[in-house]
Student: 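This is the structure, below, for whatever I ask next.
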Amino acid sequence: MGILHSIITQGWPPKTKFNVQDIPDMSGKTVIVTGANAGLGKETAKALLSKNAKVYMVSRSKEKGNAAIEELFKETGKRGILLRFDLDNLKSVKAGAEEFLSKEKELHVLFNNAGVMAVPVSELTADGYDLQFGVSVIAHFYLTKLLLPTLMHTATHSPDGKARVVNTSSLAHEFVSPIDFNTFKDCPQRRKMSTDRLYAHSKLGNVIFATELARRYGDKGIVSTSVHPGNIKTDLQRHLKGLKSFIIDCILYDASHGALTQLYAGTSPEGASFNGKYLIPWARIGTATAVSQNPKVGNDLWNWLEEQVKNI
């Protein structure tokens, strides 16, 4: 009943009370958006550029990244900055973070937006992790870790004393419990799981990480949130086939709707008080699952993630 209620209330949300025009002027603010060449990331970058933010657009493809930058320049009159690295390769993530840090001393908002969905179970990251969990959780944990000193420094110089990290999750985080550490790396148990279940684990991982980040760094000026952006039509569904694709397509909203909730978390004045919150469509505070809020689970996942990236 809980999941059914969530599907109904979050799948067909009430009309939004927050729109792009409600975003305050972002002049002087520096932002990173991962997965910014398409879908929610591109819409998020577009809105931020229209409000005068300095936007670093992360893309693994130089061609697609530059094409998105040119398209948004034509639409907004503002040009994003390409930050090219591959989230399925932790050394590439490190190189991307180092490139950013060589250019900037402040980072006001980090949108950990990129993800993959419903890929074949056989697909792994360059480091041997499940592709969905590796991209959505491990890579974003590592990127955030590398940028945390800059985020905290920025918070100390911001008028509200805050810097924000927004993690794009999904309603799918409710579909698994508890989180299974055997799904993270390739192993026989993982290969017996469906791609949908592995996706749900990655989205649960997003919420657990965001919540634990809030616990550990909230008193240092970090505002960490996770968001369910809604049922949104993007390239994320490109691996879906047949009847499943048809059914999903019937309940999807356009990407501009999906960007609203993470923009609300990342830019609104009230968002500065959202540390540890889980947001749902459109731009509302929701309730995440109990396991995602469990301090022991959060600590266990954090320690596991630290172990994976310590020698990169």
Student: Establish, from distance only, whether the side-chain atoms of Gln308 and Tyr142 form a donor-acceptor pair under 3.5 Å.
Tutor: no
Student: Where does the angle between the aromatic ring planes of His257 and Trp282 fall among parallel (under 30°), tilted (30 to 60°) and perpendicular (over 60°)?
Tutor: tilted
Student: State whether a side-chain donor-acceptor pair under 3.5 Å links Asn37 with Ser59.
Tutor: yes
Student: For the backbone of Ser170 and the side chain of His173, can you confirm whether one donor and one acceptor N or O come within less than 3.5 Å of each other?
Tutor: yes
Student: Do Ser194 and Asp196 pair up side chain to side chain, a donor and an acceptor below 3.5 Å, judged on atom types alone?
Tutor: no
Student: So, Thr150 and Glu106: side-chain donor and acceptor under 3.5 Å apart, yes or no?
Tutor: no
Student: Does the distance from a Lys or Arg side-chain N to an Asp or Glu carboxylate O, for Lys42 and Glu71, drop under 4.0 Å?
Tutor: yes
Student: Using a distance-only test with no angle check, is there a side-chain donor-acceptor pair under 3.5 angstrom linking His228 and Thr261?
Tutor: no
Student: Centroid separation under 6.0 Å, is that true for the rings of Phe18 and Tyr264?
Tutor: yes
Student: I'd like to know if Val20 and Phe73 are part of one continuous hydrophobic network [Ile/Leu/Val/Met/Phe/Trp/Tyr, side-chain heavy atoms within less than 4.5 Å].
Tutor: no
Student: Pairs of donor and acceptor atoms involving the side chains of residues 205-212, under 3.5 Å and at least two apart or interchain, shall be tabulated with distances.
Tutor:
residue : atom : partner : partner atom : Å
Asn206  : OD1  : Lys203  : NZ           : 2.8
Asn206  : ND2  : Ser136  : O            : 3.0
Thr211  : OG1  : Val207  : O            : 2.8
Thr211  : OG1  : Gln293  : NE2          : 3.3
Glu212  : OE1  : Arg215  : NH1          : 2.6
Glu212  : OE2  : Arg216  : NE           : 2.7
Glu212  : OE2  : Arg216  : NH2          : 3.4

Student: A cation-pi test, strictly: NZ or CZ of Lys220 under 6.0 Å from the centre of the six-membered ring of Tyr217 and no more than 45 degrees from its axis. Yes or no?
Tutor: yes
